[in-house]
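This structure is a prediction, so every number in the text was calculated from the model and none was measured. Below, read A as the first sequence line, B as the second, and so on, with proteins coming before strands; counting in each chain starts at 1.
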There are 2 protein chains.
Amino acid sequence: MARKAQHSKEELRAMALAAAREIVAAEGAAGLSTRKVAARMGYAAGTLYLVFRNLDDLVLQLNAATLEALDAHLAEALARLPAGAGPRQRLLTLAHAYYLFAQEHFHLWSLVFEHHLPEGETMPESLAARVRALLGRVEAELAHLGAGAALAARVLWSGVHGIAVLALTDNLAATGPVDAPALVDSLVNRYLDGFAAARRNQS
Amino acid sequence: MARKAQHSKEELRAMALAAAREIVAAEGAAGLSTRKVAARMGYAAGTLYLVFRNLDDLVLQLNAATLEALDAHLAEALARLPAGAGPRQRLLTLAHAYYLFAQEHFHLWSLVFEHHLPEGETMPESLAARVRALLGRVEAELAHLGAGAALAARVLWSGVHGIAVLALTDNLAATGPVDAPALVDSLVNRYLDGFAAARRNQS
DNA sequence: ACCTGAACACCGTTCAAGT
DNA sequence: ACCTGAACACCGTTCAAGT
């Protein structure tokens, strides 16, 4: 027994990530297993360990791919905007696109934030770079705030993320249905208003 | 074999929840198993199924207890405030207390939001009531906003939750360390400023 | 009535052995 | 060199059998 399909390591890696993505999208993180990924590839489970350190490593690489897809989704949303759109409209577009991606790819998106690194371990650079790219996208739209841009970008991104988490896990629907896009609008608009007012008061 | 400790069902339930809480606090959700919970109680794993429908049911009850502890934590923080404290100071206190609880009890708090219900299933009333209580706490401090209170409460709670999620899972530290309490302050203060400004413009 | 322990169908991971 | 399949130490859940 051996030699069956003869794929390169890079091909095996891509096949495994594609299989894992399909499983998570369909069944959620709980449905993911090395045995299922291997079966879907037509290989034995042990083969995965030629390409990944372990299942955690595979998940980390899947998460990097998910963030890459999210970044592309955000870029497309911005590209659809008229050229003259101001920072506020661009930020609202980013925020709504983020929520839409989270809703559309709920299980894959959840896995990014629910996969806890082992105590003390640090995020692999491949993933950290993806996070930086997303944060940079938001920060770029806040350049007019000057020194406050870094802070504001983190607050707004966190805020939209929190709305997505709580709305999509039914933790806001305690008293009737929730209009998540309305929450996103309120957050972005009021926060920007407040930032502008605070800066006016300073000068 | 049988009859060993002779605990009532209610005692078994409490023992199991206490054991599960210790395991999750120490090892995270990934370390939780029916076999470990049972061993810590001095019972066979099968006994758990006399008291819980399954592991999911146990987790749901643990999560309700966690939200109860969170609610008590918030109440204590408010109680330490001087009697004359205004809504803004009370909201800031709630927000910081929320973040502190999330940090202190990271694994238990994570489990509340990372435990996804099976497709289509609805949250048990015991848990839904706890979520309503927390949201009600925030909403009460926003009564001065009138009709906007429900919306503002959801935005602020989501926002603080998002900051906690991203900060505590290292998803904001992409470019250096993050001062989460400063993000919380900025969110609450700027959002409230913005809300006030928007209301001024209406009238 | 209460609880057990074995059984079943799953896991992640390793590694000698086969081609 | 590449890949397998068996092995090991785990899972959640059920249920006949023992006290």
TODO: Using the six-membered ring wherever Trp is involved, compare the ring planes of Trp157(A) and Phe113(A) and label them parallel, tilted or perpendicular (cut-offs 30° and 60°).
DONE: perpendicular
TODO: For the pair Tyr98(B) and Trp109(B), name the ring-plane relationship: parallel under 30°, tilted 30 to 60°, perpendicular over 60°.
DONE: perpendicular
TODO: Flag the pair Glu125(A) and Arg130(A) as a salt bridge only when some basic side-chain nitrogen lies within less than 4.0 angstrom of an acidic carboxylate oxygen.
DONE: no
- [ ] Decide, yes or no, whether a salt bridge links Arg154(A) with Glu139(A) under the criterion of side-chain N to carboxylate O below 4.0 Å.
- [x] yes
Could you state the [atom1]-[atom2] distance from [X] to [N], rounded to the nearest angstrom?
X	N	atom1	atom2	result
Leu32(A)	dC11(D)	CG	C1'	16 Å
Leu12(A)	dC2(D)	CG	C1'	10 Å
Asn54(A)	dT14(C)	CG	C1'	13 Å
Leu50(A)	dT4(D)	CG	P	10 Å
Asp57(A)	dG12(C)	CG	P	14 Å
His7(A)	dC2(D)	NE2	C1'	13 Å
Met41(A)	dC3(D)	CE	P	9 Å
Gln6(A)	dC2(D)	CD	P	8 Å

TODO: Please give the nucleotide sitting opposite dG18(C) as a Watson-Crick or G-U wobble pair, both distances under 3.5 Å, or none.
DONE: dC2(D)
Task: Watson-Crick or G-U counterpart of dC8(D), or none if no pair lies under 3.5 Å - done: dG12(C)
Starting the side chain at C-beta, find the nucleotide from [options] nearest to [X].
X	options	result
Thr47(A)	dT13(D), dT14(C), dC3(D)	dC3(D)
Ser33(B)	dT4(C), dG12(D), dT13(C)	dG12(D)
Ala44(A)	dC3(C), dG5(D), dC2(D)	dG5(D)

Task: Given DNA chain C, 5'-ward residue of the pair Arg35(B) and Leu55(A), judged by closest heavy atom - done: Arg35(B)
- [ ] Ignoring hydrogens and angles, state whether a donor on the side chain of Glu104(A) or His73(A) is under 3.5 Å from an acceptor on the partner side chain.
- [x] no
Task: Sugar-phosphate, base or nothing in reach of Lys9(A), heavy atoms under 4.0 Å - done: nothing
